[in-house]
S.K.: 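Starting off with a structure, shown below.
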There are 2 protein chains.
Amino acid sequence: MSNDSNQKGGGKSLFALQRRELLMDELRAHGAITVRDIAAKLGVSELTIRRDVNSLADGGLVSRVHGGATLRSPLDRTAVAGKPPAYSYAIGMVVPSLDYYWPQVISGAREEAEGQNLRIMVRGSAYDASDNRRQVQALLDTQNIDGLIVAPDMAGAPGRELLRWLNALPIPVVLAERRTPSDIPAHRLEWVATDHAFGAGMAVRHLWQEGHRAIGCLTDTSSPTSPHVVRGWQQAMAALNIPPENQFYGESAKLDNGERAQHFDDVLKRCQETGTTALLVHSDTQAVAFVQHCVDKGIEVPGDMAIVGYDDEVAYLAEPAISAVKPPKRYVGKVAVQLMAARLAEGRMRPVHRIQLNPELILRESSVGAQRTTHEP
Amino acid sequence: MSNDSNQKGGGKSLFALQRRELLMDELRAHGAITVRDIAAKLGVSELTIRRDVNSLADGGLVSRVHGGATLRSPLDRTAVAGKPPAYSYAIGMVVPSLDYYWPQVISGAREEAEGQNLRIMVRGSAYDASDNRRQVQALLDTQNIDGLIVAPDMAGAPGRELLRWLNALPIPVVLAERRTPSDIPAHRLEWVATDHAFGAGMAVRHLWQEGHRAIGCLTDTSSPTSPHVVRGWQQAMAALNIPPENQFYGESAKLDNGERAQHFDDVLKRCQETGTTALLVHSDTQAVAFVQHCVDKGIEVPGDMAIVGYDDEVAYLAEPAISAVKPPKRYVGKVAVQLMAARLAEGRMRPVHRIQLNPELILRESSVGAQRTTHEP
DNA sequence: TCCCATTTGTTCGACTTTGAACGTTTCAGT
DNA sequence: ACTGAAACGTTCAAAGTCGAACAAATGGGA
């Protein structure tokens with residue numbers, strides 16, 4: 001009867017809300033507050049703070065104690081047993097593509113958000129730091145978001161500057177499929193990312209077990225993922241003691257059809273020179289085009305050339321179907337939301353989490369040879 | 001661990017709820033408490049603690065015993081109906097020490113397990129792969145465990161062999177404060193570990209901001225943590241462009257008192273030679289001894305030599321109190337249990353998670369110089 | 001502009017928490 | 001079993017917190 005006020009749309013004095021936010025901040029920072037201190041700090045009467053605390057306690061956000069409040073504690077038996085807080089946060093999400101890869105990440109995030117009673121607002125951006133920033137700013141300005149999940153472009157100086165800016169935002173930020181470089185002290189940024197190096201290594205080991213002894217790597221340098229794939233490929237090659245002269249490495253930028261055919265011919269020629277019989281192709285879109293090209297030229301897949309794609313977006317569409325490393329995209333979104341929810345609930349006391357997820361290797365026809373072996377990477 | 005020093009004028013007493021949480025922590029860490037100890041530790045009367053214990057016992061959270069309390073045991077028949085403690089899963093936990101560092105990890109794990117309705121069985125082990133394996137085997141044989149959390153010794157060939165063995169176990173395994181090396185394909189092992197390199201870097205940047213330009217590192221090579229601390233120190237030194245001739249690096253194994261004094265004298269001499277005015281000392285136990293040594297020799301801390309310890313177990317006890325990097329120990333335990341619970345619930349579809357947590361830098365007297373600067377790492 | 005709903009402040013008796021004193025209970029060692 | 005020491009809990013008092021009732025201030029809409 002008395003709680004649950006300001007519903008009618010009457011005087012929505014922002015000040016009360018601000019006070020409560022501040023109170024929650026203080027609480028998250030120190031774990032507990034006294035009514036007296038907060039009242040003194042804000043220059044309002046203690047009764048006002050008590051009323052704030054009670055209102056927050058009714059919402060299940062804090063535990064009322066004699067003299068103040070603490071973060072909600074399991075020992076607090078006062079609250080309604082059934083329903084933990086009916087409070088909801090809004091999370092902004094900025095991703096670099098709404099066509100490729102990211103829809104599944106968003107879908108995972110949405111699914112998790114629904115369960116956690118959170119709202120998610122997604123914006124697409126370009127693969128470009130300044131546009132990332134513009135989109136984030138738009139969310140901050142127009143929506144009232146409590147947290148941000150973002151997959152920024154981190155290349156070069158603008159990328160670093162963007163990271164610094166994100167790190168300094170007043171709301172928690174979680175990076176998706178990005179990691180903070182160790183030389184920039186972005187100590188507040190949390191992240192979830194697929195361990196692409198592990199995925200590439202898994203592919204290499206699979207091809208090794210299929211009998212290949214010269215395994216190449218063809219990547220798309222326009223993608224932020226590419227360096228990790230290359231690193232994983234190199235590490236695995238080194239661990240398997242494959243000499244450098246049996247290592248073919250090629251790069252492709254975005255090409256249109258004519259150039260692409262030419263480029264693929266070059267790749268095949270260099271494979272022949274180095275004796276390469278298997279390729280890890282980053283971005284399975286490209287893998288599909290490459291397999292197509294091979295088939296057109298009469299090169300048998302996997303007989304003459306085994307292929308493993310990276311991303312598993314469209315790999316199953318090719319003929320023959322392409323084996324691919326499949327990042328746990330939905331889980332990336334899901335875990336990002338979990339991180340954000342936990343951060344919003346626990347505040348600063350919670351240590352910064354940085355999470356890697358391992359991808360999975362999906363075996364299809366393009367890499368499984370005559371004598372099929374068990375697929376233990 | 002927490003505050004025993006007053007910040008400003010007013011008295012700093014804990015709220016009843018906080019006291020009870022602390023009491024439960026202590027209980028989870030050690031299995032039992034005495035009223036007297038807790039009262040002394042918190043500086044309140046024994047009667048107050050007794051009242052707390054009774055209240056918790058009424059809630060069915062602890063078992064009263066003469067002189068203190070224990071975790072609620074099945075033997076305790078005192079009332080409390082309607083609480084069927086049907087555990088879902090049993091988790092084994094093997095840690096290398098029950099004195100240092102690990103009690104807090106266990107406490108965090110127990111706390112989380114309680115909420116998730118899991119049972120945890122802890123075994124102490126030696127810092128030694130073969131004993132690790134023996135303890136795990138004992139758990140597998142005698143208890144019927146569904147999952148395993150373990151902090152194995154990973155050094156050398158026996159360590160790798162142990163990892164392979166763990167990876168092949170039929171139950172899920174989560175490593176605590178350990179990571180899988182990238183060259184061994186332990187693809188099923190999940191882990192939670194503190195990012196000690198980050199912690200060391202944070203300490204170095206703090207000392208740099210305090211005006212130090214030659215920052216040394218003294219580590220205890222017997223600890224598995226040590227390499228990460230050294231790596232973080234090196235990276236930070238490189239990032240700050242501190243030339244190698246201003247870098248002192250020393251190692252200490254376990255020494256008894258006579259040798260230790262000699263060793264510390266050597267360290268101080270080499271610091272003088274290299275112009276080192278600040279040291280990061282791994283294992284704060286050692287830092288305490290070192291500060292003691294400095295004080296005995298008339299070397300001012302932080303005036304002549306600034307010190308930051310690593311681990312924050314006993315750093316606050318020294319005179320002057322030692323600044324220290326504090327790993328989020330209870331969260332390590334907590335997150336390990338979360339990982340395990342999610343794995344047991346979701347099965348193989350869930351991708352392998354590998355989580356790093358960032359430590360925190362606690363500033364005390366031993367590193368904060370004349371002109372105090374803001375502590376932005 | 002005024003009006004009315006909402007929010008904030010003041011006062012003061014009721015209530016909580018804590019600790020000292022002191023009699024009772026429990027436990028371990030004769 | 002007996003006994004002394006420690007632990008326990010009842011009672012009471014001091015200190016401080018809580019919130020009902022009412023008064024004052026605030027601010028958005030007619």
Side-chain angles (χ1 to χ4, degrees), chain A residues 1-24 26-27 30-59 61-70 73 75-79, chain B residues 3-4 6 8-24 26-27 30-59 61-70 73 75-79:
Chain A
M1 44 195 86
S2 61
N3 48 6
D4 250 16
S5 39
N6 42 334
Q7 280 289 63
K8 268 188 35 172
K12 186 158 283 185
S13 163
L14 283 185
F15 200 54
L17 278 182
Q18 290 174 315
R19 217 175 38 228
R20 285 169 200 189
E21 301 240 315
L22 206 145
L23 202 149
M24 287 302 290
E26 203 70 19
L27 208 43
H30 300 113
I33 53 171
T34 68
V35 168
R36 202 212 298 246
D37 289 353
I38 299 295
K41 184 164 187 165
L42 300 186
V44 298
S45 83
E46 299 190 1
L47 180 52
T48 302
I49 300 301
R50 259 181 233 124
R51 286 197 265 238
D52 287 341
V53 168
N54 284 341
S55 137
L56 291 170
D58 286 346
L61 287 165
V62 306
S63 289
R64 197 73 251 275
V65 296
H66 193 84
T70 70
S73 146
L75 301 180
D76 177 10
R77 291 290 156 89
T78 62
Chain B
N3 39 3
D4 54 352
N6 321 19
K8 46 181 88 170
K12 62 89 223 157
S13 58
L14 297 176
F15 292 125
L17 196 73
Q18 293 179 292
R19 224 174 30 229
R20 285 168 200 183
E21 285 201 345
L22 211 144
L23 201 150
M24 286 303 289
E26 206 68 22
L27 211 42
H30 301 119
I33 53 167
T34 70
V35 168
R36 187 202 285 249
D37 290 351
I38 299 295
K41 183 164 186 166
L42 299 185
V44 298
S45 82
E46 299 188 3
L47 178 53
T48 302
I49 300 302
R50 261 182 230 120
R51 286 198 264 237
D52 287 340
V53 169
N54 285 343
S55 142
L56 290 170
D58 286 348
L61 289 163
V62 306
S63 292
R64 280 252 51 189
V65 296
H66 193 81
T70 68
S73 90
L75 304 177
D76 181 6
R77 293 264 120 259
T78 53

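Throughout, a chain's letter reflects where its sequence line sits, starting with A, and its residues are numbered from 1.
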S.K.: Using every non-hydrogen atom in the two residues, find where A/Ala69 and A/Val53 come nearest and quote the distance to one decimal.
M.R.: CB-CG1, 3.8 Å

S.K.: Which is true for B/Val65 with a 4.0 Å heavy-atom rule: it touches a base, it touches only sugar-phosphate, or it touches nothing?
M.R.: sugar-phosphate

S.K.: Under the rule for side chain to side chain contact (heavy atoms under 4.5 Å, CB included), what residues qualify as partners of A/Thr70, not counting sequence neighbours?
M.R.: A/Ala32, A/Ser63, A/Val65, B/Phe15, B/Leu17, B/Gln18

S.K.: Return the polar atom pairs (N/O with N/O) between nucleotides 10-20 of chain C and the protein under 3.5 Å, or none.
M.R.:
residue : atom : partner : partner atom : Å
C/dT18  : OP1  : B/Arg19 : NH1          : 2.7
C/dT18  : OP1  : B/Arg19 : NH2          : 3.4
C/dT18  : OP2  : B/Arg19 : NH2          : 3.1
C/dG19  : OP2  : B/Ser45 : N            : 3.2
C/dG19  : OP2  : B/Ser45 : OG           : 3.0
C/dG19  : OP2  : B/Thr48 : OG1          : 2.0
C/dG19  : N7   : B/Arg51 : NH2          : 2.5

S.K.: Give the rounded distance in Å between these two atoms: CG of A/Leu42 and P of C/dT7.
M.R.: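 So the CG-P distance, A/Leu42 to C/dT7, works out to 17 Å.
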
S.K.: Restricting to pairs with a member in residues 38-52 of chain A, which pass salt bridge (charged side-chain N to carboxylate O under 4.0 Å, His left out), not counting sequence neighbours?
M.R.: A/Arg19-A/Asp52, A/Arg20-A/Asp52, A/Glu26-A/Lys41, A/Glu46-A/Arg50

S.K.: Starting from C1' on C/dT7, measure out to CZ on A/Arg50 and report it in whole angstrom.
M.R.: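 Taking CZ of A/Arg50 and C1' of C/dT7, I get 16 Å after rounding.
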
S.K.: What distance separates A/Leu27 CG from A/Ile33 CD1, expressed to the nearest 0.5 Å?
M.R.: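 Between atom CG of A/Leu27 and atom CD1 of A/Ile33 there are 5.0 Å.
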
S.K.: Expressed in angstrom and rounded to an integer, what is the separation of B/Ile38 atom CD1 from D/dA7 atom C1'?
M.R.: 16 Å

S.K.: How long is the straight-line distance from CG of A/Asn54 back to CZ of A/Arg64, given to the nearest 0.5 Å?
M.R.: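 These two atoms lie 5.0 Å from each other.
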
S.K.: Note the angle between the end axes of the helix from C/dT1-D/dA30 to C/dT30-D/dA1, five pairs defining each, rounded to 10 degrees.
M.R.: 40°

S.K.: Determine whether B/Leu42 and B/Ile38 make a side-chain contact, defined as any pair of heavy atoms from C-beta on separated by less than 4.5 Å.
M.R.: yes

S.K.: Quick one: A/Asp37 CG to D/dT17 C1', roughly how many Å, whole number?
M.R.: 14 Å

S.K.: Taking the side chain as every heavy atom from C-beta outward, state whether B/Val62 and B/Met24 have any pair of such atoms under 4.5 Å apart.
M.R.: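 Of all side-chain heavy-atom pairs linking B/Met24 with B/Val62, at least one is under 4.5 Å.
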
